[in-house]
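Residue numbers begin at 1 in each chain, while the letters A, B, ... track the order of the sequences. Because the structure is predicted, anything quoted here is derived from the model rather than measured.
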Amino acid sequence: MKKFAFVLFTVWATQLIMAQTPNEKYVGFMKKSLALLDSARGPADWQAAANNFERIANNEKTEWLPAYYAAYAMVMKAYAVENVKDIDPACEKADAMIALAESLAPNHSEITTLKAMVLTAKMRADGGRGMTMGPQATQYCQQALQQQPLGNPRAFMQMAQMLYYTPAAFGGGKDAGIGMLGKSVAAYDSFKPESELHPNWGKGYSVKLLEQWKSGK
Amino acid sequence: MKYFTLLGLYNLLTLCLAAQSTVLSGTVVDSRKRPITGASVSIKDSYDGATTDSIGKFRFVTTEAGTQTLLVSFMGFKSWEQVVALGSNPLVFEVQLKEEPNELTAVVITAGSFEASDQKKTTVLKPLDIVTTASANADVAAAMRTLPGTQQVGESAELFVRGGEGYETRQFIDGTTVANPFFGQAPNIASRGRFSPFLFKGTVFSTGGYSALYGQAMSSALILESIDLPDQSSASASLSPLFVGAQYQHLAKNKNSSWGISGGYTNLSLYFNLVKQRPDYFKAPAISNGEANFRIKTSKTGMLKFYGSYQQQNLGLRNPDIDIDTLKNSFGLTNANIYTNLSYRERLTGRMKLNAGFSFSLNKDDIRQRVLNADNEEAVGNFPVFVQQKNFDLRAKGILVQGRAVVDYKLKGLSALRAGAEYWYSQDQSTFNVFTSRLKDHYTSVFGEADLYLSNALAARVGVRAEHTSLLQRTNVAPRASLAYKLGGGAQVTADYGMFYQKPQSQFLLFANNLPQMRADHYILTYQKVTLSRVFRTQLFHKSYKQLIKYGADTTSNGKGYARGVEFFWRDKTTFKNFDYWVTYSYIDTKRDYLNFPFEMQPNFAANHTANLVVKRFFTKMSTQFNANYQFATGRPYYNIAYNASNNKWDLRDQGRTIPFHSLSLSINYLKNIGKAFGVFVFSVNNALNSRQVFGYTYSYDGTNKVATVPPANRFFFLGVFLSWGVDRTQDAINNNL
């Protein structure tokens with residue numbers, strides 16, 4: 001009888017796996033990939049995570065999130081690479097993924113925030129780009145905030161970092177940055193992602209950074 | 001029991017199906033068998049896949065079965081695909097990816113030119129460099145004069161490149177040429193460019209061997225690309241003892257279109273009261289200007305842009321007469337200029353792009369020269385003919401209408417084909433005293449070129465340009481070619497060849513229109529090494545001139561000449577922290593037998609050695625940028641050439657060489673927010689060390705008196721403030737949001 005129960009159980013379990021609907025498969029894969037993304041530490045990890053999401057994006061032609069995360073992972077890689085010459089290729093890939101995500105979800109605050117992040121990464125490759133890309137990045141942040149009236153904490157965080165490293169003469173400065181980051185932390189507190197797959201990253205970093213900035217003053 | 005067995009069998013079957021999995025593993029390497037890290041390996045149309053590790057290895061398990069496609073891809077490489085039969089046997093792959101030529105890593109065909117752009121990685125200059133070069137005072141051409149290949153010709157605003165005259169350098173805005181890029185000029189006193197550097201997002205300065213897309217320039221092309229839609233609506237104002245100006249740009253709410261207007265007034269009389277000038281200005285240079293523009297995004301990939309300007313300029317000055325010391329010469333100039341440019345670009349299909357342009361310009365000069373007595377009245381008396389001839393009125397009017405279209409077809413990778421045509425209609429009318437002459441020309445040209453990337457490291461460009469001018473009734477075919485090879489480590493070599501035609505200037509065509517086009521052939525070898533913060537470039541060139549204008553008893557096209565030399569450019573942004581500098585050195589050996597030269601001689605605009613040091617440093621805490629540059633050139637030759645009526649020949653009566661040219665220029669830009677405005681304060685001084693500069697000598701008719709050509713004042717000072725206000729509603733939106 002024990003044997004019978006086991007057989008029955010395996011039948012049930014196998015059938016359950018086999019009968020997984022496409023959506024469940026998508027969600028499952030996304031969760032797995034998000035877990036990988038969360039544990040990413042270096043450029044190689046970010047690249048692997050981006051590859052995962054790109055594979056999902058290639059299969060799910062109507063979902064914007066896989067392309068969004070692929071772009072996000074590539075931006076993070078661009079921030080993490082040691083050799084500055086690796087920045088532009090990563091940004092180029094991120095731009096392509098952003099374009100794909102945007103075609104599926106136009107005028108989305110999270111995607112617009114990514115655009116600002118890509119520009120920030122590009123400026124890291126070449127300081128001379130700041131004069132034109134800096135204001136453009138600021139604009140993307142402003143646009144992202146407009147697109148999400150309740151306040152996108154990631155857009156605030158990006159804006160804060162740009163302000164912090166902008167000389168006060170250009171309307172930035174440490175105080176302005178800290179003030180903006182405070183808004184980010186507050187926005188994180190009230191932020192509720194649309195689903196467990198939707199963007200919900202950055203809170204820990206934002207809180208930590210704020211402490212660091214405040215103590216470093 | 002039977003039921004139980006059946007169930008077991010079914011179970012086994014499903015389990016088998018579910019568990020049927022294949023292990024795929026292998027390595028991914030590049031063409032030189034070096035491992036590729038981070039490559040994506042996947043089963044097409046499935047979630048299954050992996051990423052290669054630090055030694056290029058991958059391994060994953062897939063539950064997909066049957067015939068599938070394995071796909072390997074990585075940035076900068078062509079994707080690799082293979083059909084695989086998935087069973088239960090493990091599969092091992094050795095994948096070699098081929099590099100895909102792409103803009104970031106490929107060899108640069110146009111390495112011989114200097115480009116200022118924010119977008120492209122490989123550029124030597126940034127747009128901001130043009131406005132922060134100390135000696136340039138925000139003049140595009142003056143900034144280019146800190147680059148190798150250019151001469152320090154202080155008495156002209158034009159660019160004299162590699163043994164070429166100033167008119168051999170042509171400026172192009174969005175593809176169409178500019179007939180009068182500089183303000184009107186008094187004899188031997190440099191004016192400046194008509195266009196603000198802030199109008200352009202990209203500048204390419206080619207000192208030779210440039211694309212078949214551009215013609216009618218024997219030496220050099222300055223290719224300017226105007227900005228697209230502004231980031232936001234804004235207003236700006238400029239204030240200086242020399243000028244006032246205001247500008248407004250409006251960006252539509254949907255961000256698909258913008259318009260703008262600007263106006264300004266320049267008057268140097270206050271400045272001339274403070275800083276003494278050598279000529280006696282009875283009318284200090286004054287300019288009134290107005291501009292308008294619009295830009296419309298016609299589709300996701302289409303853009304229509306218009307820019308139009310009107311400028312009116314006056315000046316008048318007196319200098320001592322060179323022949324009779326009790327007399328003076330007065331020179332008065334009134335110039336009016338209309339310039340318009342309409343350009344359109346659109347992606348027609350995925351691979352095909354169209355660039356079209358239309359331009360109309362009108363230039364009117366009214367020049368009046370008189371011989372005056374000591375009381376500044378028109379001198380009357382029985383003067384020799386050569387003195388009487390100094391009294392003249394010249395009224396010139398020039399119209400240029402242009403249309404142009406270029407189609408760009410993208411081939412595989414970075415390879416591309418370009419083909420296009422252009423048409424110029426020009427009409428020049430001049431009245432010298434009472435003699436009026438008119439010249440009309442229909443100039444048509446067709447051109448094509450191919451960029452062929454044979455690999456990431458080897459690329460060629462071949463082009464040809466055919467031109468016809470109705471005035472000269474000639475058709476010329478000009479081939480162009482470039483070959484570029486990448487050596488690795490950011491280094492590459494480029495070889496350029498080209499044939500360049502240009503119509504003789506209209507003052508010669510008035511007397512003889514059966515002349516052929518003038519011709520220059522370029523041969524250039526470039527080596528450059530570009531890393532993120534350092535650029536080294538050296539160029540070796542040879543240039544031969546044919547069919548130049550030569551006049552004696554008749555105007556002919558028997559003139560010829562050559563120029564050859566070597567140039568160096570070094571820019572370094574890292575060795576000294578926050579400190580950016582570049583150094584250039586140019587050597588040229590050039591001779592010409594043209595115009596009234598009795599034989600082949602070094603032209604008087606060419607110095608054998610020219611050098612520049614440009615230094616920039618930004619102090620973040622002070623919000624201040626300091627710029628300095630030092631320009632040096634060895635002495636230039638000068639000649640006294642006089643016509644010998646007895647044998648109808650030109651004689652060289654005297655010659656010499658000027659003192660070397662030195663100029664140290666300094667500028668300070670201080671950034672400060674004033675209320676809601678962002679302000680930039682600029683102070684600059686050209687030739688801060690007060691060095692004596694001599695550009696050449698002019699001789700009296702009898703050759704006994706020679707007068708040095710010198711700048712109107714040794715030093716030039718500038719002080720001004722530029723304010724801008726960003727009128728941006730999103731700012732309000734955020735403030736409300738917080």
Looking at [X] and [Y], does any basic side-chain N land under 4.0 Å from a carboxylate oxygen?
X: A:Lys122; Y: A:Asp95; result: yes
X: B:Glu99; Y: B:Lys78; result: no
X: B:Asp228; Y: B:Lys201; result: yes

Assess, by modelled atom type and distance only, whether the side chains of B:Gln249 and B:Ser234 contain a donor and an acceptor separated by less than 3.5 Å.
no
With only heavy atoms counted, which part of A:Glu60 is less than 4.5 Å from chain B, the side chain, the backbone, both or neither?
side chain
Given that the side chain runs from C-beta out, which part of A:Met30 has a heavy atom under 4.5 Å from chain B: side chain, backbone, both or neither?
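Contact with chain B involves no heavy atom of A:Met30 at all.
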Find the one option among A:Asn52, A:Ile56, A:Asn51 whose heavy-atom pairs under 4.5 Å with chain B are most numerous.
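Sorted descending by pairs with chain B, the first entry is A:Asn51.
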Heavy-atom cut-off 4.5 Å, strictly under: side chain, backbone, both or neither for B:Asp48 against chain A?
both
Pairwise side-chain contact, B:Thr62 with B:Phe60, heavy-atom cut-off 4.5 Å (strictly under):
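Counting from C-beta outward, B:Thr62 and B:Phe60 do come under 4.5 Å.
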Between B:Ala39, B:Ser46, B:Gly679, which residue shows the highest count of heavy-atom pairs closer than 4.5 Å to chain A?
B:Ser46
Greatest number of heavy atom pairs closer than 4.5 Å to chain A - which of B:Ser54, B:Ser40, B:Ser73
B:Ser40
